[in-house]
Amino acid sequence: MGTDIPKSYEPRGTEQTLYKWWEEQGFFNADVDSPLPPFSMVLPPPNVTGALHMGHALNITLQDILARWKRMDGHNVLWVPGTDHAGIATQNVVEKNLAAEGKKRTDFTREEFEAIVWRWKEEYEARILGQIKQLGCSCDWSRQRFTMDEGLSRAVREVFVRLWEDGLIYKGEYLVNWCPRCVTAISDLEVEYEPAEGKLWYIRYPIEDSSEFVVVATTRPETMLGDTAVAVHPDDERYRGLRGKRIVLPLMNREIPVIFDSFVEREFGTGVVKVTPGHDPADFEAGRRHDLPIIRVIGDDGTMTAAAGPYRGLDRYEARRRVVADLEALGLLEKVERHAHNIGHCQRCETIVEPLVSNQWFVRVQPLADEAIRAVEQGRTDFQPKNFEKVYFEWMRNIHDWCISRQLWWGHRIPAWYCDGCRETIVAREAPQSCPKCGGTKLRQETDVLDTWFSSALWPFSTLGWPDRTREQELFYPTSAMVTGFDIIFFWVARMMMMGLRFKEDVPFRHVFINGLVRDAQGQKMSKSRGNSIDPLAIIEEYGTDAVRFTLAVMAVPGTDIPFSIDRMAGYRAFCNKIWNAARFLLMNLDSDAPVGEAEIDAVLAGPEPGLHHRWILARLSEVIASTRRDLDRFFVHEATNTLYHFFWGELCDWYIELVKEDLSGDDPARRERAQKVTCFVLETAMRLLHPFIPFITEEIWQKVPHRGETIMLRPYPQAFPRWQDAAVLERMQRIQDLISAMRTARAENNVDPRKWVTVYLRCDDEARELVESQLANLKRLVRAHEVVFTDRFPAERILLQGVTSLGEFALLLDEVIDVEVEKQRLQKELQKLDTERLSLEKKLANEGFLEKAPAEVVAKARSRRDEVEGLQVKTREKLRRLAP
RNA sequence: GGGCGGUUAGCUCAGCUGGUCAGAGCGCCGGUCUUACAAACCGGAGGUCACUGGUUCGAACCCAGUACCGCCCACCA
């Protein structure tokens with residue numbers, strides 16, 4: 001068996017074939033009639049804007065690891081895939097695309113434009129789904145959803161209407177963040193603040209009926225055209241005289257009052273601020289407190305409105321220049337200072353956001369947030385890492401109402417109608433035929449659409465058929481886990497919590513696993529403009545999906561960013577190849593097609609001469625299984641991955657396979673058969689253990705290993721074998737390894753040709769001798785010795801390389817003279833190491849506090865190690881002395 | 001202005017409950033095509049675990065402070 005296996009693993013082709021087979025066989029699909037305990041997740045739906053990036057690859061890999069693990073471990077796994085219409089983002093990319101053809105959105109009717117976006121959606125969704133599949137994602141494609149499909153749109157309307165009926169949605173004129181380029185309102189979260197070097201203009205505002213003036217400081221002189229007051233702090237002694245005074249607003253020659261309000265920071269500027277309720281959030285609030293009129297001087301497109309008088313029609317920044325120039329001409333500009341501040345930009349197009357008063361729809365979130373806070377406080381949902389709960393609480397406790405209306409064409413149209421007759425607003429699940437108030441039939445639907453996150457917030461239950469009652473919801477809600485990035489905790493996680501608790505009366509997920517951002521190898525954020533972004537598909541093409549997945553998994557420390565390095569990934573591709581070749585070797589040495597189960601291994605272990613290396617690898621396998629499960633349970637995917645890597649390569653390949661060669665190539669059929677059973681069992685188990693992480697190569701190999709069942713995907717995830725764990729076996733094996741390593745080091749350090757054969761002399765006690773004899777052939781092969789002689793007295797020749805290990809003393813007899821100085825140096829170095837260790841142990845053991853307070857076990861360990869080191873020291877010194885030049 | 005995270009080998013990063021935890025990958029040095037694998041094997045060099053105190057028998061790990069770096073939130077216009 002196995003002789004026809006190629007020497008290196010070729011992921012291309014195999015991956016597609018396997019995936020197609022898995023999918024066609026329905027292995028990914030959940031079964032609502034299954035008696036197994038459910039495990040469910042919803043895939044964070046990628047936007048249909050473009051292509052998958054490394055962040056998606058990470059996120060999907062982590063989820064797939066959980067899904068495959070749970071599925072193998074006896075759960076009825078539902079993992080719902082889908083895509084997000086991503087309102088503003090998608091509209092923008094489509095518009096950009098049109099612009100390349102010299103067209104604008106407004107060249108089309110709304111319906112025509114929507115049709116264009118739908119076509120885009122179909123194309124990009126298909127592309128994205130293909131990419132998700134290339135990652136090996138085992139989600140249930142029969143339940144794939146889209147945030148704007150029929151069912152989800154119904155869920156959106158249902159939620160909207162119910163929130164409206166409960167008074168949690170309202171519409172009104174408020175100050176919102178406005179993107180003049182997207183020409184829509186956006187939420188607070190969609191504004192990104194960037195530090196900028198600005199200016200602070202000091203402007204003289206004349207006091208009415210006097211020649212005096214007050215000086216206000218502002219970073220936005222153009223908004224003065226909309227000022228409706230000037231404010232000072234009520235306790236500010238400097239401006240007591242302003243009480244009852246009125247101000248003449250320059251350029252507009254409008255009379256405005258002076259208000260006294262503690263929102264003014266006395267230290268800022270002159271302590272007098274202009275108040276523009278139409279264009280500043282703080283001023284808007286102040287305006288409400290003082291009943292100030294609101295004047296909007298900047299329009300939806302970022303140009304000045306009629307209210308800006310002579311500046312009408314100018315772009316807001318051109319208006320700024322003109323206002324400043326005019327003020328200067330009038331002698332009203334006192335001074336200009338440099339001023340660093342933060343400027344808000346549109347998350348989607350980076351245009352500077354304009355705060356302005358506008359008629360919009362809002363969700364009153366406080367009551368929803370209270371529930372969402374309580375649920376996490378009660379531990380009904382927890383975060384990994386835990387500290388993200390703090391971030392969540394902080395935001396939830398200071399939450400502001402959520403502006404949900406967008407002046408876009410792509411999205412869920414708000415289910416509200418206005419009656420032309422009586423101006424009534426009708427909110428309904430379906431289009432009303434007539435006005436319930438006046439009976440009028442001239443109804444116009446609201447043209448605004450909803451914030452894209454409104455529908456995302458419903459994703460954990462809308463995808464399960466809500467608002468209908470479904471078996472899926474009974475079984476799979478709340479979902480078991482949500483894996484997502486910290487960048488969307490507020491946008492998404494928080495809102496899913498609120499909506500889930502409100503409409504399903506339970507949290508949407510039990511655990512939130514936060515993954516970091518994928519950065520480049522230098523830790524820089526990946527971005528197109530930096531030119532450092534890596535296309536996951538391109539590297540999958542080159543390195544194979546398993547290598548990419550393994551790299552992401554091993555680096556995925558929860559909540560921590562990942563510096564993705566191609567070099568490192570090349571290392572993990574090598575690991576895949578290593579697995580391939582280990583399997584190739586073991587398969588080449590199998591004679592039987594019969595699967596090997598635990599019972600057969602028990603029989604081997606109970607039989608004559610089970611072999612230390614067999615017992616050792618089985619003990620280690622069991623330990624590794626237990627630790628992998630522990631790590632997966634707490635979402636320490638990186639630890640699990642790392643453990644498996646070192647077990648497979650460092651122990652299974654580097655030692656066990658080397659040791660088992662002797663069994664397999666020898667002429668003892670019973671021994672060969674025992675080895676075949678163990679290797680077959682270990683290989684088959686290791687493939688199952690590794691499958692969630694690297695699904696393709698493990699399935700490919702597993703199919704070649706004698707096995708039961710159809711696919712590795714649906715075989716049980718390995719359970720530890722406590723009865724095979726044996727500390728004594730591990731220790732004995734460790735001593736053999738130490739001895740072999742020491743002899744190899746002695747050879748290498750003395751530049752002994754690796755091809756040269758030597759004679760090994762060993763001076764050790766009977767127990768050690770028995771141990772060595774049980775591994776004699778292996779030892780000979782691994783250190784290139786044609787003979788091992790047990791003796792009390794080493795030969796006197798000057799061509800000995802000597803050493804001391806916990807197993808005993810060894811000497812290697814060469815057939816040529818060695819450089820005594822080199823050997824001396826080597827032994828001296830060894831002695832140095834021992835001296836250091838001895839010293840620290842002695843110090844510890846001389847410490848009464850340690851003897852009294854440390855656990856007896858720790859003390860005993862230190863003692864026995866001290867004795868051991870002492871013995872090694874004495875013997876090493878002796879050897880050094882004998883080596884005298 | 002608040003809050004969070006980081007500082008460990010040349011580079012990028014792991015290190016769980018304080019006690020062989022000084023680790024990985026890549027890079028570097030020396031040597032091997034030893035019939036699973038040169039995408040490999042065998043060896044080696046390299047670190048005051050940012051700094052200062054503290055707790056402890058014992059600290060990379062816990063506590064306090066400092067210095068840098070990064071991120072998030074926030075209505076100083």
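Across all strands, A:Asn581 comes closer than 4.0 Å to base atoms (heavy-atom distances). The residue A:Arg784 sits close only to the backbone: its heavy atoms come under 4.0 Å of sugar-phosphate atoms, none of a base. Within the nucleic acid shown, A:Glu658 comes within 4.0 Å of at least one base atom, counting heavy atoms only. No engagement by A:Phe575 is indicated, since no non-hydrogen atom pair under 4.0 Å with the nucleic acid exists. Residue contacts for A:Leu586: at a heavy-atom cut-off of 4.0 Å it reaches no nucleic acid atom on any strand shown. Within 4.0 Å (heavy atoms only), A:Trp757 reaches no atom of the nucleic acid at all. Looking at heavy-atom distances under 4.0 Å, A:Lys7 makes contact with sugar-phosphate atoms alone, never a base. Looking at heavy-atom distances under 4.0 Å, A:Cys653 makes contact with a base. Counting any heavy atom pair closer than 4.0 Å across all strands shown, A:Asn387 reaches sugar-phosphate atoms only and no base atom. Residue A:Ala521 is in sugar-phosphate contact alone, with no base atom involved, counting any heavy-atom pair closer than 4.0 Å across all strands shown. In this structure, A:Pro855 reaches the bases: a heavy-atom distance under 4.0 Å links it to at least one base atom across the strands shown.
Using a 30° and 60° split on the angle between ring planes, A:Phe693 and A:Phe550 fall in the perpendicular class, above 60°. Ring geometry for A:Trp757 versus A:His786: interplanar angle under 30°, hence parallel rather than tilted (30 to 60°).
Under the 3.5 Å distance criterion, with hydrogens and angles disregarded, a donor-acceptor pair is assigned to the side chains of A:Gln676 and A:Asp591.
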Nucleic acid footprint by protein, nucleotides 71-77 of chain B - heavy-atom cut-off 4.0 Å, B for base, S for sugar-phosphate alone: -SSBBBB
Pair assignment for RNA chain B - dot-bracket with | for other-strand partners, Watson-Crick or G-U under 3.5 Å: (((((((..((((.....[...)))).(((((.......))))).....(((((..]....))))))))))))....
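At whole-Å resolution of the value, CG in A:Asp567 and P in B:A24 are 17 Å apart.
Mapping A:Glu639 and A:Pro11 onto RNA chain B by nearest heavy atom places A:Glu639 at the nucleotide closer to the 5' end.
Separation of the A:His339 and A:Phe268 ring centroids falls under the 6.0 Å cut-off. Aromatic rings from A:Tyr645 and A:Tyr572 are positioned such that their centres are separated by under 6.0 Å.
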Any N/O pairs under 3.5 Å between the protein and nucleotides 42-48 of chain B? List them or say none.
residue	atom	partner	partner atom	Å
B:C42	O3'	A:Arg744	NH1	3.4

Below 3.5 Å is the cut-off: list the nitrogen or oxygen pairs between protein and nucleotides 61-63 of chain B, distance only.
none

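For A:Arg519, the side chain to side chain donor-acceptor pair (under 3.5 Å) partners at least two apart in sequence or on another chain are A:Asp561. In this structure, A:Asp546 has no side chain to side chain donor-acceptor pair (under 3.5 Å) partners at least two apart in sequence or on a different chain. By the ring pair (Phe, Tyr, Trp, His ring centres under 6.0 Å) test, A:His638 is found to be paired with A:Phe636, residues two or more places apart in sequence or in another chain being considered. For A:Tyr392, the ring pair (Phe, Tyr, Trp, His ring centres under 6.0 Å) partners two or more places apart in sequence, or in a different chain, are A:Phe383. For the ring pair (Phe, Tyr, Trp, His ring centres under 6.0 Å) test, residues two or more places apart in sequence or in another chain that qualify with A:Trp395 are A:Phe490.
For RNA chain B, the neighbouring residues in residues 840-849 of chain A, judged by any heavy atom under 4.0 Å, are A:Asn847, A:Gly849. Within residues 549-560 of chain A, the residues that have a heavy atom under 4.0 Å from RNA chain B are, in order of number, A:Val557, A:Thr560.
No option in A:Glu354, A:Glu222, A:His279 other than A:Glu354 meets the side chain to side chain donor-acceptor pair (under 3.5 Å) test with A:Arg316.
Ranking B:A40, B:U12, B:C4 by closeness to the A:Ala574 side chain, first place goes to B:A40.
Within a 6.0 Å sphere centred on CD of A:Glu197, heavy atoms belonging to other residues, nucleotides or ligands number more than 12.
Taking side-chain N and O atoms only, A:Trp580 has no distance below 4.0 Å to OP1 or OP2 of B:A40.
Below the 3.5 angstrom threshold, one finds no donor paired with an acceptor across the side chain of A:Arg781 and the base of B:U34. At a cut-off of 3.5 angstrom, counting only N and O atoms as typed in the model, there is a donor on one side and an acceptor on the other between the side-chain of A:Arg634 and the base of B:C16.
The OG1 atom of A:Thr551 lies 11.5 Å from the CZ atom of A:Arg549; values are rounded to the nearest 0.5 Å.
Sorted by first and then second residue, the salt bridge (charged side-chain N to carboxylate O under 4.0 Å, His left out) pairs involving residues 274-286 of chain A (not counting sequence neighbours) are A:Asp227-A:Lys274.
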